[in-house]
Visitor: 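Just passing along the structure, written as structure tokens.
Note that the structure is predicted; figures quoted are calculated from it, not measured. Numbered from 1 within each chain, the chains take letters A, B, ... in sequence-line order.
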Number of protein chains: 2
Amino acid sequence: MGQSVTARVLRVLAAFSAERPELMLTEIGRRAELPLTTAHRIVGELTEWGALERAADGRYRIGLRLWEVGALAPRGLGLRESAMPFLEDLYAVTKQNVQLAVLDGNEVVYLERLSGRGAVHVFTRVGGRLPLHATGVGLVLLAFATPELQEQVLASPLKRYTSKTICHPDELRRALAEVRRTGVAVSEGQIELVSLSVAAPVRGPDGDVVAALSVVVPAGSADARAYVPVVLTAARGISRVLGCPD
Amino acid sequence: MGQSVTARVLRVLAAFSAERPELMLTEIGRRAELPLTTAHRIVGELTEWGALERAADGRYRIGLRLWEVGALAPRGLGLRESAMPFLEDLYAVTKQNVQLAVLDGNEVVYLERLSGRGAVHVFTRVGGRLPLHATGVGLVLLAFATPELQEQVLASPLKRYTSKTICHPDELRRALAEVRRTGVAVSEGQIELVSLSVAAPVRGPDGDVVAALSVVVPAGSADARAYVPVVLTAARGISRVLGCPD
DNA sequence: CCTCGGCCTTCCACTGGCCGGAAGCCGAGT
DNA sequence: ACTCGGCTTCCGGCCAGTGGAAGGCCGAGG
């Protein structure tokens, strides 16, 4: 099963990560758990097609061709394309970090981030994943997710990241109810200790939540709630462009 | 050779395009020139891994997981990450279309585009490809490319897109020399009839050109050359962040 | 200078995973 | 109820993929 060629090809691709975006053939073989010879052949074919590229020093990295194909993901580029103008406006007005994320499995995946030069530095990275309970966008996405997913997350251990991280199921349940009631998540404590985030849901053509939008502001700044109206407005704007009835 | 499983997997991925980002199994089989059964199995494995997703109507599309891997392309995300703040500034100042592109093979690949709501509508698309001779960024990238590539392009037929497209080798040769002399390409006639573009090179750690940056302005507006200083400044700013000596 | 070690590449005989025809399933259109 | 188009499952033959082994390359260290 883990022996099919297709699976091996995917394991080769999965060998690359944000921490190690350039690998030697040997490393690919080790990470993908493939014999060197097999890795060599697969990598060769991937390179020929453009899914991988060789750097000047002979190491391999993800190629532009794969980036292009990945850009076709409707939940990637499509969403991003529609949302971009609103994110730019939001950034222009607030000069803070603006983020767009979607739900995948039981995690948040960040699609886009506009970060001001002067704004708080955040750990998130475009293409990165974080657990649902620890971020503003995660709370929003979870609040409007299927009951099954909510139960699954509530039943699983909630890892603590900061002193403000929601770690208890009851606490999380209350937070989710609050999000559903108000339509926004004003969550204290992102991954960073010194930031607040204001997040709101983005809805698709069927009226269901397809993404979440957030602004991350320094904890020291003015009342975070002051950002609620602009964030909500931007989120509704994107929803409208996506064809949300409402 | 075109029979290896790896190649077939890639053909399945290549079946998706910007025009048709969602496909039925049968269509994938037809486009990838694979028997239905084979397509079925490969698509199944890709879906299980997350490289593909199934839409509500059962059609397949590129999955988030593949988007994530694609985002690891150093010439994709890495460049983009460094350039973003400068693109935002450039956009804020000009309120025109701002584009970032790299050279791949003998084509331009667009990495990023910030398009003003009011700005000229351009055909380019993030992840899209265009020939080198027909765009501002293309001229810049070609001007600093290897002599071999320049010869290759000069020797190939130059397709006409608008009345202003550079179609003659001599004309192109002169344009390239001008770009090398001034360090910027002010090209009349993009793909659109009514736009001008100002493009400048972005240099990497070794001092070689790794990308190009451009602003596309409506032909009717003020002198396009007025944009040269800001574009050059932004391009140099990105180069500096990338570690260009200079 | 030679040797050693790490990495990459090529070669080739064996074998087990892939191929694809065929048959069955499902839902929509008539 | 029948048909048609698309999807899924099944299974035997066979060939493409596998991976051990050997050789080439380069840089470090003796």
Side-chain angles (χ1 to χ4, degrees), chain A residues 1-17 19-63 65-66 69 72-74 205-206, chain B residues 1-17 19-63 65-66 69 72-74 205-206:
Chain A
M1 216 295 126
Q3 296 295 53
S4 85
V5 180
T6 305
R8 289 171 189 225
V9 171
L10 296 175
R11 289 223 300 279
V12 166
L13 295 182
F16 294 85
S17 64
E19 296 73 40
R20 314 247 18 218
E22 299 201 351
L23 300 173
M24 291 183 295
L25 181 58
T26 315
E27 285 177 279
I28 296 175
R30 186 167 49 250
R31 286 167 171 255
E33 294 177 15
L34 292 176
L36 188 59
T37 313
T38 304
H40 180 255
R41 187 171 27 77
I42 291 177
V43 162
E45 293 189 78
L46 290 174
T47 304
E48 188 185 352
W49 188 77
L52 298 181
E53 295 175 345
R54 297 202 80 159
D57 62 358
R59 302 209 295 183
Y60 293 92
R61 52 190 190 192
I62 300 292
R65 197 72 181 270
L66 200 58
V69 175
L72 294 175
D206 311 330
Chain B
M1 215 291 127
Q3 295 295 51
S4 85
V5 180
T6 305
R8 289 171 190 226
V9 170
L10 295 175
R11 289 224 299 279
V12 166
L13 295 182
F16 294 84
S17 64
E19 296 73 41
R20 315 249 14 219
E22 300 201 351
L23 300 173
M24 291 185 296
L25 181 57
T26 314
E27 284 178 277
I28 296 175
R30 184 169 49 249
R31 285 169 170 254
E33 293 176 15
L34 292 176
L36 187 59
T37 314
T38 304
H40 180 254
R41 186 169 28 77
I42 292 177
V43 162
E45 292 189 80
L46 289 174
T47 305
E48 188 184 353
W49 188 76
L52 299 181
E53 297 176 343
R54 298 204 77 162
D57 61 359
R59 302 209 295 183
Y60 293 93
R61 52 190 190 193
I62 301 293
R65 195 72 180 270
L66 200 59
V69 175
L72 294 175
D206 310 330

Visitor: Identify the heavy atoms of Arg31(B) and Arg20(B) that sit nearest to each other, and give their distance.
Guide: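 Closest approach of Arg31(B) to Arg20(B), heavy atoms only: NH2-CG, 3.2 Å.
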
Visitor: Atom NE2 of His40(B) and atom P of dG21(C): how far apart are they, to the nearest Å?
Guide: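 Nearest whole value for this atom pair: 16 Å.
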
Visitor: Mind checking Arg59(B) for me? I need base, sugar-phosphate or nothing, with any heavy atom below 4.0 Å counting as a touch.
Guide: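 Contact class for Arg59(B): none.
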
Visitor: Judged by atom type as modelled, is there a donor-acceptor pair below 3.5 Å linking the side chain of Glu45(A) to the main-chain atoms of Ile42(A)?
Guide: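 No; zero donor-acceptor contacts below 3.5 Å.
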
Visitor: Is Thr37(A) side chain donor-acceptor paired with the dG20(D) base, going by distance under 3.5 Å alone?
Guide: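 Yes, the side chain and the base share a sub-3.5 Å donor-acceptor pair.
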
Visitor: Round to a whole Å and report the spacing from CD of Glu27(A) to C1' of dG6(C).
Guide: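 In whole Å, dG6(C) C1' and Glu27(A) CD are 12 Å from each other.
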
Visitor: Return the nearest nucleotide to the side chain of Ser4(B); candidates are dG19(D), dC7(C), dG17(D).
Guide: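 The listed nucleotide nearest to Ser4(B)'s side chain is dG17(D).
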
Visitor: I need the CG-P distance between Leu23(A) and dC8(C), as an integer number of Å.
Guide: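 Rounding to the nearest Å, CG of Leu23(A) and P of dC8(C) are 11 Å apart.
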
Visitor: Compare side-chain N and O positions of Arg8(B) against OP1 and OP2 of dG17(D) and report whether any pair is under 4.0 Å apart.
Guide: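 Result: no.
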
Visitor: To the nearest angstrom, how far is Leu52(B) atom CG from dC7(D) atom P?
Guide: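 Rounded to the whole Å, the gap is 14 Å.
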
Visitor: Report the distance from atom CG of Leu34(A) to atom C1' of dG19(D), rounded to the nearest whole Å.
Guide: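 Atom-to-atom, Leu34(A) to dG19(D), this comes out as 11 Å.
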
Visitor: Compare all side-chain heavy atoms of Leu52(A) with those of Phe16(A) and state whether any distance is below 4.5 angstrom.
Guide: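 Side-chain contact under 4.5 Å: yes.
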
Visitor: Mapping Thr6(A) and Thr26(A) onto DNA chain C by nearest heavy atom, which one lands closer to the 5' end?
Guide: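 It is Thr26(A) whose nearest nucleotide is closer to the 5' end.
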
Visitor: Calculate the interatomic distance between Arg54(B) atom CZ and dC7(D) atom P; express it in whole Å.
Guide: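 Arg54(B) atom CZ is separated from dC7(D) atom P by 8 Å.
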
Visitor: Over how many whole Å does the gap from Leu36(A) atom CG to dC11(C) atom P extend?
Guide: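 The distance from CG of Leu36(A) to P of dC11(C) comes to 16 Å, rounded to the nearest Å.
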
Visitor: Name the closest nucleotide to the Thr38(B) side chain, picking from dG20(C), dG6(D), dT9(C).
Guide: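 Looking only at side-chain atoms, Thr38(B) lies closest to dG20(C).
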
Visitor: Please step through side chain to side chain contact (heavy atoms under 4.5 Å, CB included) for the pair Leu13(A) and Leu66(A), ending with a clear verdict.
Guide: CA-CA 10 Å; Leu13(A) 295 182; Leu66(A) 200 58; 4.0 Å; yes

Visitor: Quick one: Ile42(B) CD1 to dA16(D) C1', roughly how many Å, whole number?
Guide: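 Nearest whole value for this atom pair: 13 Å.
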
Visitor: Can you find a side-chain donor-acceptor pair between Glu53(B) and Thr47(B) that sits under 3.5 Å?
Guide: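 On atom types as modelled, these side chains do not qualify, holding no pair under 3.5 Å.
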
Visitor: Where each residue is assigned the nucleotide of DNA chain C containing its nearest heavy atom, which of Met24(A) and Val5(B) is assigned the position nearer the 5′ end?
Guide: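 Looking at DNA chain C, the more 5' nearest nucleotide goes with Met24(A).
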
